[in-house]
Amino acid sequence: MTRFFRPLCLLIIVSFFFPLPGQAADAKSPNFIIVYCDDQGYQDLGCFGSPNIKTPHVDQLASEGIRFTDFYSAYCVCSASRASLLTGCYQPRISMRGVLGPHSEKSVDEFRGMLHPDEVTIADMLKSQGYATAMVGKWHVGDSPETLPTAQGFDSYFGIPYSND
């Protein structure tokens with residue numbers, strides 16, 4: 001039942017932001033970028049009041065778009081919180097144990113500890129709505145070919161599969 005429940009919840013969430021077929025829609029769907037940073041403080045960007053750190057390009061994005069000021073991470077470390085953001089699931093549901101290292105060991109179910117290829121991601125949901133998707137930067141939820149971004153719904157990927165190597 002959970003295999004059907006989670007995609008349904010993601011579809012409902014996505015439908016609040018993007019019109020489904022048959023709904024009145026704007027002539028163009030909005031573009032958006034999710035910037036997900038590890039170890040960034042609230043005042044580490046100019047648009048949030050940093051007097052010392054200059055971030056003119058991020059500041060411009062913030063001034064021309066929508067800026068969300070409250071966000072809670074699903075877990076306290078990068079791999080698990082990234083996997084939760086991608087799938088909309090808490091990390092125990094997707095067997096993400098914490099921080100993945102290079103060439104993480106596979107266990108009994110083959111992908112335990114990595115983002116399983118069968119998980120529905122935000123990229124999968126966006127592609128079903130006609131969006132082009134890309135992932136740039138640190139992936140950090142699996143480094144085997146079937147767990148990399150282009151196998152998880154992203155059209156293109158430029159980055160590293162993990163850090164601290």
Side-chain angles (χ1 to χ4, degrees), residues 1-23 25-40 58 61 65-68 71-165:
M1 173 146 179
T2 58
R3 281 281 186 223
F4 297 105
F5 181 70
R6 184 173 46 82
L8 178 62
C9 288
L10 280 172
L11 182 61
I12 291 168
I13 291 168
V14 169
S15 69
F16 282 111
F17 297 104
F18 313 111
L20 294 172
Q23 288 180 314
D26 293 332
K28 183 178 178 186
S29 296
N31 291 322
F32 66 93
I33 299 170
I34 296 173
V35 178
Y36 200 69
C37 301
D38 294 335
D39 305 320
Q40 179 180 317
V58 174
L61 285 170
I66 298 172
R67 186 171 60 163
F68 295 98
F71 187 82
Y72 297 93
S73 179
Y75 202 66
C76 59
V77 295
C78 55
S79 297
S81 64
R82 288 169 185 274
S84 294
L85 175 69
L86 287 164
T87 63
C89 295
Y90 288 115
Q91 57 91 18
R93 158 58 186 81
I94 51 178
S95 301
M96 188 63 65
R97 294 184 296 248
V99 179
L100 298 180
H103 313 293
S104 294
E105 293 294 320
K106 295 180 180 180
S107 66
V108 178
D109 68 1
E110 189 179 0
F111 292 100
R112 187 169 184 80
M114 292 186 262
L115 186 59
H116 196 283
D118 292 341
E119 294 295 337
V120 177
T121 66
I122 190 171
D124 293 319
M125 299 300 291
L126 289 170
K127 281 178 75 168
S128 73
Q129 296 295 312
Y131 276 84
T133 59
M135 193 288 177
V136 178
K138 180 177 83 166
W139 177 243
H140 215 171
V141 292
D143 62 357
S144 61
E146 57 275 353
T147 63
L148 289 172
T150 52
Q152 297 283 6
F154 288 93
D155 296 319
S156 62
Y157 167 54
F158 179 78
I160 56 175
Y162 46 82
S163 62
N164 303 321
D165 59 346

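Residue numbers start at 1 and run along the sequence shown. A quick note: this is a predicted structure, and the numbers were derived from the prediction, not measured.
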Hey, does Lys127 have a side-chain heavy atom less than 4.5 Å from the side chain of Asp155?
yes
Just by distance, do the side chain of [X] and the backbone of [Y] share a donor-acceptor pair under 3.5 Å?
| X | Y | result |
| --- | --- | --- |
| Glu119 | Leu86 | no |
| Thr133 | Gly153 | yes |
| Ser73 | Cys76 | no |

Derivation of the side chain to side chain contact (heavy atoms under 4.5 Å, CB included) call for Gln129 and Ser29:
CA-CA 9 Å; Gln129 296 295 312; Ser29 296; over 6 Å; no
With sequence neighbours excluded, tell me which residues meet side chain to side chain contact (heavy atoms under 4.5 Å, CB included) with Val35.
Ile33, Cys37
Sequence-distant partners of Ile66, side chain to side chain contact (heavy atoms under 4.5 Å, CB included), two or more places apart:
Phe68
Please walk me through it: do Val99 and His140 pass side chain to side chain contact (heavy atoms under 4.5 Å, CB included)?
CA-CA 8 Å; Val99 179; His140 215 171; 3.8 Å; yes
Quick check: closest heavy atoms across [X] and [Y], and the distance to 0.1 Å?
| X | Y | result |
| --- | --- | --- |
| Ile94 | Cys89 | CG2-CB, 3.9 Å |
| Pro161 | Asp143 | CB-CB, 3.8 Å |
| Met96 | Ala83 | CE-CB, 3.7 Å |
| Tyr75 | Gln91 | CE1-NE2, 3.1 Å |
| Thr147 | Gly142 | OG1-C, 3.2 Å |
| Ser79 | Val141 | O-CG1, 3.4 Å |

Among all residues two or more places apart in sequence or in another chain, which pass the ring pair (Phe, Tyr, Trp, His ring centres under 6.0 Å) test with Phe154?
Trp139
Taking side chain to side chain donor-acceptor pair (under 3.5 Å) as the test, write out the residues that go with Tyr36, two or more places apart.
Ser81
So how far is it from Gln152 CD to Asp124 CG, rounded to the nearest 0.5 Å?
7.0 Å
Rounded to the nearest 0.5 Å, the CD1 atom of Ile34 sits from the CD1 atom of Ile122 at a distance of 4.0 Å
